[in-house]
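Atoms considered below: every heavy atom in the structure, side chains included; atoms not considered: hydrogens, waters and symmetry mates. What you see is a predicted model, and the numbers here were worked out from it, not measured in a lab.
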Amino acid sequence: MTQTLLKPLDQRFIQSGISWQHFKLIEQGFSDSPGIKLFYYKGEVEILAVSQEHEFFSRTICTLLAIYCAENEIEFAPTGSFTQEQEGVVSAQADESYFIGRRISPKSPPDLCIEIVFTSGNVRKLERYQVLGVAEVWFWEDGVLAMYRLVSDSYEKISSSVVLPGLDINLLCRCLLMASSVEGMREFRRGISG
């Protein structure tokens, strides 16, 4: 059985004309606020308060990708929504981020960032990730994963992951939509094992 996706009430605020220094002050003000994500790009600040449903899909994707990597003996480092920055230009917090096939490297970007889209996270965010140099970005929206790969200086839409080759994206999406998380994990494990 699958579940019906209702758009949850993530709350989003955007303000333009903000300096990097002002953004850093705003960031300090939200430092003890769980569930708040901050983004900055070229003078625009986005503040996002995420819903439980948003977090559910984020954590479930993380769980399924951990199963996939473990079953396929792929070394990975899930780094969640850590802040990625290029000082003065961009600051982003993906819903999930990963170093694939290598350990965490503070001096290089993650290989994969995932955005859950309810009210925020459309392809405009690709510009931010491009500046940061993230190799692959996925957007989960309305039960579908749209995937993009950084090629030279821009992102191209792809139909299968380059950083996780062999991952059945349709299986992943189907399992994410199952009404039971446990059944979704079982189905995913069966699908990647067979």
Side-chain angles (χ1 to χ4, degrees), residues 1-12 34-37 39 46 48-82 84 92-101 104 110-126 129 134-150 155-194:
M1 180 193 319
T2 59
Q3 60 183 322
T4 303
L5 292 178
L6 300 174
K7 293 275 187 172
L9 298 175
D10 286 355
Q11 296 179 3
R12 179 180 179 207
I36 301 293
K37 295 184 182 236
F39 306 90
E46 178 182 350
L48 178 67
V50 297
S51 64
Q52 287 179 330
E53 292 86 354
H54 185 117
E55 293 294 276
F56 167 80
F57 283 107
S58 178
R59 297 301 183 262
T60 304
I61 288 172
C62 186
T63 300
L64 295 178
L65 290 183
I67 291 169
Y68 178 79
C69 288
E71 291 290 320
N72 289 281
E73 297 185 11
I74 298 169
E75 287 296 330
F76 72 106
T79 51
S81 61
F82 83 97
Q84 303 171 59
Q93 294 175 308
D95 290 305
E96 299 296 337
S97 57
Y98 299 86
F99 289 86
I100 307 290
I104 295 170
D111 300 294
L112 171 64
C113 286
I114 302 172
E115 293 275 349
I116 308 303
V117 180
F118 287 128
T119 59
S120 168
N122 62 30
V123 294
R124 269 185 21 144
K125 281 195 175 179
L126 285 175
Y129 291 114
V134 176
E136 201 165 292
V137 181
W138 299 357
F139 295 98
W140 166 259
E141 183 174 18
D142 294 330
V144 176
L145 270 174
M147 301 180 299
Y148 297 85
R149 176 81 177 157
L150 186 60
Y155 282 96
E156 293 180 358
K157 193 166 187 179
I158 55 176
S159 58
S160 60
S161 176
V162 175
V163 298
L164 291 172
L167 175 63
D168 184 339
I169 297 302
N170 292 326
L171 173 67
L172 178 69
C173 292
R174 188 172 69 247
C175 293
L176 279 167
L177 293 172
M178 295 182 102
S180 164
S181 297
V182 172
E183 187 54 40
M185 287 186 272
R186 280 192 198 126
E187 178 68 23
F188 186 72
R189 192 179 300 274
R190 276 192 297 265
I192 61 175
S193 298

**OP:** Apply side-chain contact (heavy atoms from CB on, under 4.5 Å) to the pair Trp140 and Leu176, showing each step before the final yes or no.
**Re:** CA-CA 10 Å; Trp140 166 259; Leu176 279 167; 3.6 Å; yes

Subject >> Euclidean distance, Met185 CE relative to Met178 CE, rounded to 0.5 Å >> reply: 11.5 Å

Original post:
Does Ser81 reach the main-chain N or O of Gln93 with its side chain, forming a donor-acceptor pair under 3.5 Å?
Top reply: no

**OP:** Could you tell me the separation between the CG atom of Leu171 and the CZ atom of Arg190, rounded to the nearest 0.5 Å?
**Re:** 10.0 Å

Original post:
Is Leu167 close to Leu65 at the side-chain level, that is, under 4.5 Å between some pair of heavy atoms?
Top reply: yes

**OP:** Report yes if some heavy atom in the side chain of Tyr68 is under 4.5 Å from a heavy atom in the side chain of Ile74; otherwise report no.
**Re:** yes

Subject >> Inter-residue atom distance Ile116.CD1 - Glu96.CD, 0.5 Å rounding >> reply: 7.0 Å

Subject >> Between CG on residue Asp168 and CD1 on residue Ile192, distance to nearest 0.5 Å >> reply: 10.0 Å

Original post:
So do the side chains of Thr63 and Phe188 get within less than 4.5 Å of each other, counting heavy atoms only?
Top reply: no

Subject >> Minimum heavy-atom distance Cys175-Glu187, with the two atoms named >> reply: SG-CG, 3.6 Å

**OP:** For the residue pair Tyr155 and Val134, establish whether any side-chain heavy-atom pair is separated by less than 4.5 Å.
**Re:** yes

Subject >> For the student: nearest non-hydrogen atoms of Ala94 and Glu115, plus distance >> reply: CA-OE2, 3.7 Å

Subject >> Contact summary for Leu145 and Cys173, nearest pair of heavy atoms >> reply: N-SG, 3.8 Å

Original post:
Which heavy atom of Ser161 sits nearest a heavy atom of Met147, and at what distance?
Top reply: N-CE, 3.8 Å

Subject >> Point-to-point distance, once rounded to the nearest 0.5 Å, from OG of Ser160 to CZ of Arg149 >> reply: 11.0 Å

**OP:** Identify the heavy atoms of Phe39 and Ala92 that sit nearest to each other, and give their distance.
**Re:** CD2-CA, 3.8 Å

Original post:
Do Ile158 and Glu136 have side-chain heavy atoms sitting under 4.5 Å apart?
Top reply: yes

Original post:
Less than 4.5 Å apart, any side-chain heavy atom of Leu150 and any of Tyr129?
Top reply: no

Original post:
Say you draw a straight line from NE2 of His54 to CG of Leu48; how long is it, rounded to the nearest 0.5 Å?
Top reply: 6.0 Å

Subject >> Test side-chain contact (heavy atoms from CB on, under 4.5 Å) applied to Tyr98 and Val163, Leu164, Asp111, Ile114, the passing residue >> reply: Ile114

Original post:
Within the distance-only criterion (no hydrogens, no angle test), does the side chain of Asp95 pair as donor or acceptor with the backbone N or O of Ser58 below 3.5 angstrom?
Top reply: no

Original post:
Where the side chain of Glu71 meets the backbone of Arg189, is there a donor-acceptor pair that is under 3.5 Å apart?
Top reply: no

